[in-house]
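Read the numbers this way: they start at 1 and go in the same order the structure lists the ligands and their atoms.
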Amino acid sequence: MSGPGGLGALGLLPLLLGLPGLPQARPRYEPTWGSLDARPLPAWFDEAKFGVFIHWGLFSVPSFGSEWFWWYWQKEKREPYVKFMNTNYPPGFSYEDFGSLFTAEFFDPNQWADILKASGAKYVVLTSKHHEGFTLWGSKYSWNWNAVDVGPKRDLVAELATSVRNRTDLHFGLYHSLFEWFNPLFLEDATNAFNTSKFPTSKSLPELYEIVTKYQPEIIWSDGDGNAPDTYWNSTGFLAWLYNDSPVRDTVVTNDRWGAGSICAHGGFYTCSDRYNPGHLLPHKWENCMTIDRSSWGYRRDAQLRDYLPIEDLVKQLAETVSCGGNLLMNIGPTHDGRIAVVFEERLRQVGSWLKVNGEAIYGTKPWRAQNDTVTPGVWYTFSPKEGKVSAIFLNWPVSGILELGEPRAKLGETQVTLAGYGELLKWVALGEKGMVIALPQLTPQQMPCQWGWTLQLTDVH
Ligand SMILES: *[C@@H]1O[C@H](CO)[C@@H](O)[C@H](O)[C@H]1NC(C)=O
Ligand SMILES: *[C@@H]1O[C@H](CO)[C@@H](O)[C@H](O)[C@H]1NC(C)=O
Ligand SMILES: *[C@@H]1O[C@H](CO)[C@@H](O)[C@H](O)[C@H]1NC(C)=O
Ligand SMILES: *[C@@H]1O[C@H](CO)[C@@H](O)[C@H](O)[C@H]1NC(C)=O
């Protein structure tokens, strides 16, 4: 080291950098986006890659059309919803009356935890409260509009948190809707063009502090800004507390839905839009939140088998998302009586079985320099920094048994190619700058290590 200060400055260096072995002073975040956005995302989230989203609430009682049931029925007065109510419920039946029908008698949180674990997911996000305002925990701020006072008479958030923590290594996260469609305080603030903030100060913020201190979620998945700015919600004030002083300040991650204009711009990871899957690498950590039921987040009794994405599509979503630097948050909607419908259970277990074979291509990976192949469609790359391996997830098994990859540059005598779940090294030919050609083993369907997408692991490719 030379220059002004010289040895004197060198002597101070250990103090400036923090003494080795001693904990570094944690940074304090200011309630501004500039400060909050600079917080590094806790590493576990990027490593996890795959989570399960659970939309459960009073909308699971009619379980018709969509979790937006109340809004479509009473605000938009959509014909199918109005007709459904007129046909099946007595006159004067209100949405509130669904409360006592939300029974959850089959809800076995241990069984849910076991299914979540079998899916290979590393985190779960439960709707603690959707736009209807009904809380799945016994909130002090909910009057009696919650699952402890009405319906199941159980703290569903506490029960799932306990089982997930007791039986699995999944991170436990909570979804929370800022606004509530029909809450009179919110509607009053909206009428005042959000110059008053009765609703956030008496409802949504107290709830957020309550769920964090009670359940210590490691994800706060915020949603439903109601077209109000983040200043109305005091989102930066809450996040500064969350990152500085809350019990989860070291591990918690948040998304980007904290007020009009914050989506895809502020907060933790970006969700941008529902079912966001850009197909190219993004410079910021992002998440693709999507649904197994193509058209609803809540359970629908009126769904047909064709409405559920087949496992091939789910594996494709996972491969595309992870290759492009995203996490996949795959949604299921349990029933009012507390079941995970077997179609959802099957899909989750299928993803889990695929990840058992191909997990090395997913967990803990980083995007590679190329995301998908330039010659063969349906090939998605990831990179494992520890082993220095490139994984090529290919979604179609070629009829010829020969897979041409335009991206990886192989080196004779160095590069090795294996198929995940299959022992032997594969033969290949290098095409120089044009990539390589790989001979896949000839396997019967029974001999295949998996069915819906396969992984080639390549060492020493560039
Ligand atoms: C945690 O799991 C163990 C073993 O499965 C069980 O015996 C125990 O009762 C569980 N504890 C809670 C709080 O559920
Ligand atoms: C709300 O405040 C803005 C400026 O802060 C003002 O222009 C607007 O008139 C106010 N609206 C109401 C309904 O008070
Ligand atoms: C916003 O939140 C912060 C942190 O909790 C708090 O200090 C501040 O008073 C809040 N501001 C408003 C306007 O509620
Ligand atoms: C790579 O992925 C992008 C985005 O999905 C797509 O537009 C492009 O066609 C793909 N390339 C090939 C060769 O399939």
Side-chain angles (χ1 to χ4, degrees), residues 28-36 39 141 176 178-179 185-186 189 192-213 220 222 225 228-249 252 254 258-259 262 266-267 272-273 275-282 286 288 290 312-326 328 367-382 390-398 403-408 431 433-438 453 456:
R28 283 204 60 93
Y29 296 96
E30 299 298 320
T32 61
W33 286 126
S35 176
L36 299 167
R39 176 179 181 257
Y141 309 99
H176 176 267
L178 291 168
F179 91 134
L185 294 177
F186 176 74
D189 289 342
N192 296 332
F194 302 118
N195 288 344
T196 55
S197 55
K198 283 193 183 166
F199 181 71
T201 52
S202 63
K203 188 70 164 59
S204 58
L205 285 165
E207 279 173 352
L208 280 166
Y209 290 104
E210 187 180 42
I211 56 174
V212 171
T213 42
I220 296 287
S222 180
D225 61 43
D230 62 73
T231 46
Y232 167 75
W233 297 112
N234 197 7
S235 295
T236 56
F238 168 72
L239 288 170
W241 171 81
L242 187 69
Y243 295 169
N244 290 328
D245 301 311
S246 81
V248 287
R249 64 188 189 182
V252 73
T254 64
W258 293 102
S262 84
H266 295 299
C272 300
S273 62
R275 305 181 180 83
Y276 183 65
N277 185 6
H280 57 83
L281 186 60
L282 295 191
W286 62 280
N288 171 4
M290 47 74 73
E312 288 82 357
D313 288 28
L314 300 177
V315 167
K316 180 169 181 272
Q317 288 275 330
L318 182 62
E320 291 172 351
T321 299
V322 173
S323 298
C324 296
L328 188 69
W368 192 43
R369 66 166 173 74
Q371 277 58 66
N372 57 346
D373 197 59
T374 36
V375 171
T376 304
V379 178
W380 294 89
Y381 294 105
T382 63
V390 171
S391 291
I393 303 169
F394 58 107
L395 300 171
N396 310 295
W397 189 282
L403 190 71
E404 187 177 346
L405 298 179
E407 281 298 331
L431 303 179
E433 290 302 299
K434 292 212 165 99
M436 61 195 296
V437 170
I438 296 157
L456 290 176

Sorted by chain and number, sequence neighbours left out, salt bridge (Lys or Arg N to Asp or Glu O under 4.0 Å) with Lys198 holds for Glu188
Phe394 meets the ring-ring contact (aromatic ring centres under 6.0 Å, His included) criterion, sequence neighbours left out, with Trp397, Trp454
Among all residues two or more places apart in sequence or in another chain, which pass the side chain to side chain donor-acceptor pair (under 3.5 Å) test with Glu210?
-> Trp137, Ser139
From the options Phe186, Phe194, Trp258, select the one residue that forms a ring-ring contact (aromatic ring centres under 6.0 Å, His included) with Phe179.
-> Phe186
Looking only at non-hydrogen atoms, find the nearest pair between Leu405 and Ala392 and report the distance.
-> CD1-CB, 4.2 Å
Taking everything shown except Lys203 itself, do over 12 heavy atoms lie less than 6.0 Å from its NZ?
-> yes
N or O pair under 3.5 Å between Thr201 and ligand 3 = no
Write none if no such pair exists; otherwise list each N/O atom of ligand 4 with its protein N/O partner under 3.5 Å and the distance.
unit_1: ligand 4; atom_1: 2 (O); unit_2: Asn372; atom_2: ND2; d: 2.1
unit_1: ligand 4; atom_1: 11 (N); unit_2: Asn372; atom_2: ND2; d: 3.1

Given that the side chain starts at C-beta and the backbone is N, CA, C, O, which of these parts of Tyr232 lies under 4.0 Å from ligand 3, counting heavy atoms, or is it both or neither?
-> neither
Once the angle between the rings of Trp233 and Phe199 is folded into 0 to 90°, is it parallel (under 30°), tilted (30 to 60°) or perpendicular (over 60°)?
-> perpendicular
Decide whether the shortest distance between a heavy atom of Tyr209 and an atom of ligand 3 is less than 4.0 Å.
-> yes
